[in-house]
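Quick note: numbers below take in every heavy atom, side chains included, and nothing from hydrogens, waters or symmetry partners.
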Amino acid sequence: MPFPIVLKAPKVSFDVGGAGLRSREILDLVAFFVANSDEEKIKANQAEMKKLMLGALPLWEKISGAYGFTDLTVPSPLGEFGAKQLGVNIAADGIGNDGTLNYAIKIAGLKVPPEAAALAPTWAVALVPTDMELNFGGVNLNLDAPARKAIEALDLTKEPPLPDEVGQEIEADFMANLPRFAMARSFVKNADTEIAAFGEVSFPEGNTNKPDVNVTFEASGYDKLVEALQNAAKTDADAQQAFPILLAAKGFAKTLPDGKLQWVLNVKPDGSVVVNGSTMKGPDVEAEPEEPVD
């Protein structure tokens, strides 16, 4: 059943920042469109337009935006959810050949109403996170080359204005040098346990079906998590299934000097899986092509 979502907070903050904005060049481009508002004028003067567009690159060097809520509450049919702090941050480079895009979500003091908690198994309530931070984005974003190629090939007197073969070239170039997905240290935690992760996912030779995954997981208070599931497994079928998995995962972990458990996960493009240097799965077996039937 549809229901309205209302956000309530006594304090809301918003901040925008930037550096290296090509303000003069952007204003010159706007002035061009004001002076050439007629479509035919734009076509006749498109050489100047393209020159101004190229001159405006990379638009900016850095740009960022952030907003946050303090003492946030969200009423719902299941009760009132809330958080002491909720913040979202976005940062991006301009149109360059090695740009980045970063996104961060931070939640502190997460509150789940008793009505919603009652829907989960009793043992799971104690495992609900109270704080979390997610930091992820893309690196090696080459937007400069495709932007310049598209602008230079643009011809408003033709249909389509951008030739199909140029669009295909841009797509092929992008796929051959895909950006990497990167995750800075991110975590979820409650009073007893914290699970953190950081790493990268890349796509060698532009193959999105065979990524190269390198992610590190770290846990503190892991024994508390195992203990909670062990106790719940006496009466709960779901906990009975999850408990041996957690126990097995602990066996593969490396204990750090500060007592945290660590798993370094590597998934190679050939399909092999390595955890803390131990091979858990070998390379995928290539299926042999079927011989034609007469």
Side-chain angles (χ1 to χ4, degrees), residues 1 72-86 105-136 181 183-201 211 213-268 271-285:
M1 181 178 66
L72 174 70
T73 58
V74 184
S76 79
L78 293 176
E80 189 173 83
F81 292 82
K84 276 292 184 182
Q85 297 286 337
L86 169 63
I105 303 174
K106 300 180 181 180
I107 301 176
L110 179 66
K111 299 176 183 177
V112 178
E115 297 90 340
L119 299 178
T122 304
W123 58 269
V125 175
L127 305 180
V128 174
T130 56
D131 301 85
M132 66 176 64
E133 186 173 320
L134 305 177
N135 300 287
F136 56 90
F181 173 80
M183 179 170 59
R185 188 178 187 278
S186 303
F187 66 83
V188 293
K189 70 177 183 179
N190 56 26
D192 297 319
T193 307
E194 177 178 303
I195 308 293
F198 53 90
E200 279 193 355
V201 178
V213 181
N214 293 277
V215 181
T216 298
F217 297 91
E218 293 180 351
S220 59
Y222 193 82
D223 288 338
K224 293 282 188 180
L225 181 60
V226 173
E227 182 182 354
L229 276 175
Q230 184 178 21
N231 292 331
K234 299 173 183 177
T235 56
D236 188 278
D238 291 334
Q240 290 171 7
Q241 295 179 0
F243 173 67
I245 296 174
L246 286 182
L247 205 57
K250 183 180 178 180
F252 294 111
K254 173 184 177 182
T255 302
L256 300 178
D258 60 2
K260 291 181 180 178
L261 299 182
Q262 183 186 76
W263 299 265
V264 178
L265 171 68
N266 306 115
V267 181
K268 301 300 181 183
S272 59
V273 178
V274 178
V275 178
N276 286 345
S278 299
T279 300
M280 309 300 298
K281 175 185 173 296
D284 294 334
V285 178

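- The shortest distance between side-chain heavy atoms of S278 and F252 does not fall below 4.5 Å.
- Between L229 and A242, the closest heavy-atom pair is CD1-CB, 4.1 Å.
- For the pair D192/L225, no side-chain contact is recorded, criterion being any heavy-atom separation below 4.5 Å from C-beta on.
- Across every non-hydrogen atom of A196 and R185, the tightest pair is CB-NH2, 3.5 Å.
- Looking only at side-chain heavy atoms (C-beta outward), L265 and V267 come within less than 4.5 Å of each other.
- A distance-only check finds no donor-acceptor pair linking the side chain of N135 to the backbone of M183 [under 3.5 Å].
- The number of heavy-atom neighbours closer than 6.0 Å to NZ of K268, taken from other residues, nucleotides and ligands shown, is above 12.
- Ion pairing between D284 and K281 holds under the 4.0 Å rule for side-chain N and carboxylate O.
- Listed for the Q240 side chain is a donor-acceptor partner under 3.5 Å among the backbone atoms of A233.
- Rounding to the nearest 0.5 Å places OG of S272 at 12.5 Å from CE of M280.
- No side-chain heavy atom of L110 sits under 4.5 Å from any side-chain heavy atom of D131.
- Contact record, V264 with N276: N-OD1, 2.7 Å, taken as the closest heavy-atom pair.
- Not a single donor-acceptor pair under 3.5 Å links the side chain of T73 to the backbone N or O of G82.
- Listed for the T255 side chain is no donor-acceptor partner under 3.5 Å among the backbone atoms of A253.
- A donor-acceptor pair is defined here as one N or O able to donate and one able to accept, closer than 3.5 Å; such a pair exists between the side chain of N231 and the backbone of E227.
- No donor-acceptor pair closer than 3.5 Å links the side chain of Y222 to the backbone N or O of I195.
- Residues E115 and G79 approach most closely at OE1-CA, 3.9 Å, considering heavy atoms.
- When all heavy atoms of T193 and G221 are compared, the closest pair comes out as OG1-O, 3.1 Å.
- Contact check on K250 versus D223 returns a salt bridge, with a Lys/Arg side-chain nitrogen under 4.0 Å from an Asp/Glu carboxylate oxygen.
- Residues F187 and E218 have side chains not in contact (no heavy-atom distance under 4.5 Å, counting atoms from C-beta outward).
- Between T216 and W263 the shortest side-chain heavy-atom distance does not fall below 4.5 Å.
- For the atom pair S186 OG and F198 CZ, the distance stands at 10.5 Å (nearest 0.5 Å).
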